[in-house]
Amino acid sequence: MGAFGYVAPSSLDEALAVLSEHADHGKRAQVLAGGTDLLVQLRGVDREPRTIVDIKKLAETNRVQIGASEVFIGAAVPSAVLNENAELAALLPGLVEAADLIGSTQIQGRASLGGNLCNASPAGDTIPAMIAVAAVCVIAGRSGTREMPVEDFCTGVGSNALEAGEFLLGLKIKTPAARSADAYLRFIPRTEMDIAVAGCGVSVTLDGSGTCTAARVGIGAVAPRPLLVADAATALVGSRLDEAALAAAGAACSRAASPISDKRGTEDYRRKVVAVLCRRAAAAARDRALAR
Amino acid sequence: MSKVQVSTSINGEEVDFLCEPQQTLLDVLRETLSRTGTKEGCGTGDCGACSVLVDGRLVCSCLVLGVEAQGHEITTIEGIATDEGLHPIQQKFLEHAALQCGICTPGLIIATKSLLDRDPNPDETTIRYWLAGNLCRCTGYDKIVRAVQDAAKELAHPA
Amino acid sequence: MAEAVDFKVIGTSPVRPDGVDKVTGRAQYGADLNLPNQIYGKVLRSPHAHARIKRIDTSRAEAMPGVYAVICGRDFPQAAHGEIGGESGGDVSDLAKNIMARDKVLYHGHAVAAVSARSLRIADEALAAIEVEYEVLEPVLDIDAAMAPDAPLLDENCFTKNLPEKPDKPSNIAAVMQLARGDVDQGFEQADVIVEGEYRIPMAHQGYIEPHACVANTNEAGQSTVWCCTQGHFEFRAMTAKVLNMNVADLKFIASEIGGGFGGKTVVYLEPLAVMLSRKARRPVKMMMSREDVFRATGPTSGTHIKVKVGAKRDGTITAATAWMAYEAGAYAGAPMGPGAMAIFAPYDLENFKVEAYDVLVNKPKVAAYRAPGAPQSMHAMESALDELARKLNMDPIDLRMKNAAEEGTQAPYGPKFPAIGLKKCLEAAKAHPAYSRPLPEGAGRGVAVGFWFNVGMQSSAEVHINENGTVTVVEGNPDIGGSRASMCLMAAETLGVPYEQVRALIGDTESTGFSNVTGGSRTTFATGMAVVRACEDIIAQCRARAAATWGVEEDQVLWEDGQATPAPGVNADIKPLSLADIAANAAKTGGPLLGRASLNAQGAGASFSVNIADLQVDRETGKVDVLAFTAIQDAGRAIHKAYVEGQLQGGAAQGLGWALNEEYIYDAEGVMENAGFLDYRIPVASDLPMIDTQIIEVPNPSHPYGVRGVGETPIVAPLAAAANAVRSATGVRIPDLPMSPPRILAALEAAGV
Amino acid sequence: MARVVFPNHLLTFTGGEREVEIAAGNFRQLLEALETRFPGCREALGKAAVAIDGQIYQDAFLEPIEPASEVFFMQRIEGG
């Protein structure tokens, strides 16, 4: 049996070197950001020894940068830090809401967008929200960085597109234009502390008349991985986001969903509720966009 | 298994300890350092009994590795009272009978401190959502919320 | 009970004497003790819900460096059948098998072996090295399936008890119980309106935040000291002695502070294992359950299937009621179907009724007590049915209950006539409460329900020591779960006539104070409180004697008033009163230290009734329920520490609402609990609840010197039906099964076409 | 003669008799009288709870019984 190890690299090169070295020798390494999923797994389902590579000491993974054209959020930035960033919350309210929904205040002190994404849970709250705002994953590897749309990153329940030796550096999001806004809603049985039974993120752009010119809809917890629902966006674009359009988008989400029945909800229930969430989130995004 | 040496600060005191890389900060606090004021209710971040502050940030110590404490400042329930006596939050929890069995109390006091440090005048909804990660099975939260409200008042206008 | 209720300290809410240690992290709970040389014990648990153990090979684990001891079923003495006794009841042999399986595992998580090792990590590795060969059997998970004649059997020697004749073949029905009066057929014939309902509730857990933990330290003579979180260290000592065939005198139990119990810490799980591991290792062994262990392997309360039928005349008079109720016992006999059956109709004066109850074995953990065990489930059924009855009769639901309410002299369904009880006063208070009449927001509904619990007395001991400066130390044997030290201090202060601050209470271990039954059954403030009062009266008698000796008068010429001995009227007026401090200071000259004692088996625990009013809002698109307001009204007899009585009402309300809305044991087809953690076993969080309004009614219990009724259990009973009735009122749809989780509500609304 | 009532689960010990009249000065004497009348019932009845004139006793023994007393045997009550 191998042994556990812990390294906290202080540079990107050092981090990549550790990961590559492990990849090359078939030794297990796992990246640690906030640890709110990793430590739970260590306690239960996956106790196998490995080297834990803490990426919180890297400048890149801790960076939050809001530019005129692009927002960058480092993979290890805790949700609480995002939530306390008023400028970010004003610009991407839906994404920040989603980050604010990950677990308790305590969890938010550690959990990051990057970790939520890499954990690739079908129910990860921030993933549909990131899909809605067309976030792009910035992935570091020994041959440089590569980029990938966030909706392609999760490949199944608990699996992602990272290759051996790679890790997620952060997320890039186009700075929303005027009269654009996003919203995220999820359904849980309690008011807090639950895993989403269904989730939906919506972003919309309106023209001067209030007609929707662009939209993206992401759904979570209703399929093996979070999904971009193009049909839902199509139902919104060109409309004034009236009840009929919202209902059509909701119906598209229900159709796109392929949920399972489990301890958190039935297949039928999830399919219905994701439509309700889509309608409500799209209305919230619309109202925000109109107010901008 | 090789242990890692960690230098940290707990409640303002320099502390060095050895731990295994996969050991949690909670485990180190309780079993290695015998700082048992921080409680374990679940070990999976769902109950908040193990709440501590790391550099002033509220976290579950069961979801932090001991090795991650290197170079950081940890505040636990043992560090809340001062030479002057109980912290007003502690005093108000007592006065309002906001604890029955008391196992969740250390975590709730730490979480309340982190709330009031940020927001000196939270409304009831803010208090309830901030404390949603601290499970209490005895009180129904009523008296806890009242204690927090009263502690906020006391901190704003010390009697 | 004296008429005068002009108390000095009773009914106030002072800070508890153990408070500072609990807000500073000093208080030591079950897992907070670390002894020199200590090692760690861990339990290997069954991966199957029902299987025969073919073989256990511990040799690899035993050979591992850092492993001190490995034990399994064959290392235990054969425990004789027999009653455990005390509060928890049950069979010793079953208890022994429940803490360590012998030939069969009966639930997923059932203990099959235990190890002690230098570290928790090594203990985990040792568990992984134990080989167990199972013959997997079909699990019996559903209560109806378990009762079917051809069901697989958990126990081939289980013959239904309490039948007129022993049945000719075994079954999973461990026992039946019947209660009846009058002629129900005739009663239903007299009825103008009849309602029937069928209700299912899955298993639910007490959900105390502190997992079970203990440290056992055994010496070379086989004497063990056990530190543990328990509701009753004397009963834990007795159970451990019986299970391990040990002499009680060789076991010392020290109760740590306890992080919640609600009935779940009235039976042993780890303690006998820790004693054995420590004996083998000759070192202190610390054992701590994980949260997952707590859910899988400690006793939740029964899942139930209950049918109720109630008939009434137009004016609301109930003419007949029947109930059929099946309670899951889990792996071994002993579901709380008895109290469930005795409670279901207890609030009402019924001429004709019949109750049939079943104790049913299933491949789930053996149930343990949970706050008013058995009553929340059965009274949820009756109180839901009464809500429907009120609707059919077009009658106010409180008026309907008032029309049939039991009062002093009513023959309770379980036998005796009620002494003074507070049900009608609670109903009157509910009717008059603003919470019952204020307007509801759109989409919300209001529900009311009645709650009840018998309460018990049982055995308690107390000692009162007067220190040399006149301060008072109360020593008793009931772990303080919710502020009982403060209540004891209040009663002692009131009786002695001294300030509350002058009294401190402590909980002695099994070697330093007299026997007490568990902290449970809502008995501590009642029974142990009674012992404390008697011990204080003993002190007063001694003080009067010493004052008499000091003054050279007769004892009957000395009164005890306001905390001091005073001469009776007419006795030499120059004599200055002697305070407790004065008498204590002179104790050496008057006979030595002042020590008062009392031990008793308290009789006459008073039944406590409640009425709850719940306002809930239902999101018709998602089925989600929000609790808008909740009012708990309950007869406490007398509130000793007002804030902690309110706290009992509020905490019970929160637990009941959690049970009503979200809490449940969810099993897969193989009998594996799917939600063994606080993430998916959803107890209410702070943001789920509003402030919980309380109103304490005081109809003093004539059997207690201060009028105390037990107060801890009743609060959990009424919220289940109050919530169900509120959802019915909000949606127009009766949802008979709990929990009323969002998927269940949405499905019910759709099925009803609303 | 005190009126003594048995619940269903104890009827096996009384040959099905639900109610009897017994003369006894206290509970111990009552149990003895019942044992004479229904041999073998003593152990089970001794373990049951009993209500004497409305007062519930989990462990009755020397409690006085009046000629007009009502005595109900019942299941022991537990609690959480």
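Keep in mind that this is a model prediction, so the values were computed, not measured. Every chain is numbered from 1, with letters handed out A, B, ... down the list of sequences.
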Exercise for the section: Name the member of B/S114, B/G107, B/G48, B/G45 that forms the most heavy-atom pairs with chain A at distances under 4.5 Å. Expected result: B/G45
Problem - Pairs of heavy atoms under 4.5 Å with chain A: top-ranked of B/V52, B/L131, B/V54, B/T44 - result: B/T44
Handout entry: B/R30 side-chain N/O to B/T36 backbone N/O, donor-acceptor pair under 3.5 Å
Key = yes
Completion exercise
Applying a strict 4.5 Å limit to non-hydrogen atoms, the region of B/V4 in contact with chain A is neither
Fill in the blank from the handout: Looking only at heavy atoms, the pair that brings A/V96 and A/L82 closest together is CG1-O, 4.2 Å
Problem - chain B contact via A/L38 - side chain, backbone, both or neither, heavy atoms under 4.5 Å - result: neither
Handout entry: Expected output: side-chain B/E13 to main-chain B/I10 donor-acceptor under 3.5 Å
Key = no
Fill in the blank from the handout: If one checks every heavy atom of A/Q108 against chain B at 4.5 Å, the contacting part turns out to be neither
Practice task
Using a strict cut-off of less than 4.0 Å between a Lys/Arg side-chain nitrogen and an Asp/Glu carboxylate oxygen, indicate whether A/K27 and A/E21 qualify as a salt bridge.
Solution key: yes
Completion exercise
If one checks every heavy atom of B/L65 against chain A at 4.5 Å, the contacting part turns out to be both
Problem - A/A80, part contacting chain B, at a heavy-atom distance under 4.5 Å - result: both
Problem - Sidechain N-carboxylate O distance under 4.0 Å for A/R110, B/E68 - result: yes
Practice task
Kindly say whether A/R50 contributes a backbone atom to a donor-acceptor pair with the side chain of A/R28 at under 3.5 angstrom?
Solution key: no
Handout entry: Top contributor to chain B interface from A/L32, A/I52, A/L42 [non-hydrogen pairs under 4.5 Å]
Key = A/L32
Practice task
Decide yes or no on side chain to side chain contact (heavy atoms under 4.5 Å, CB included) for B/S51 and B/N134, but give the supporting numbers first.
Solution key: CA-CA 8 Å; B/S51 296; B/N134 291 85; 3.5 Å; yes
Fill in the blank from the handout: Turns out that what part of B/R128 lies under 4.5 Å from chain A's heavy atoms comes down to neither
Problem - B/C19 portion near chain A, given a 4.5 angstrom heavy-atom threshold - result: neither
Handout entry: Which atoms of B/V64 approach chain A - backbone, side chain, both or neither, heavy atom under 4.5 Å
Key = both
Exercise for the section: Give a yes or no on whether B/K153 atom NZ has more than 12 heavy-atom contacts from other residues, nucleotides or ligands under 6.0 Å away. Expected result: no
Exercise for the section: Could you have a look at A/R47, A/K56, A/R190 and say which one has the most heavy-atom pairs with chain B under 4.5 angstrom? Expected result: A/K56
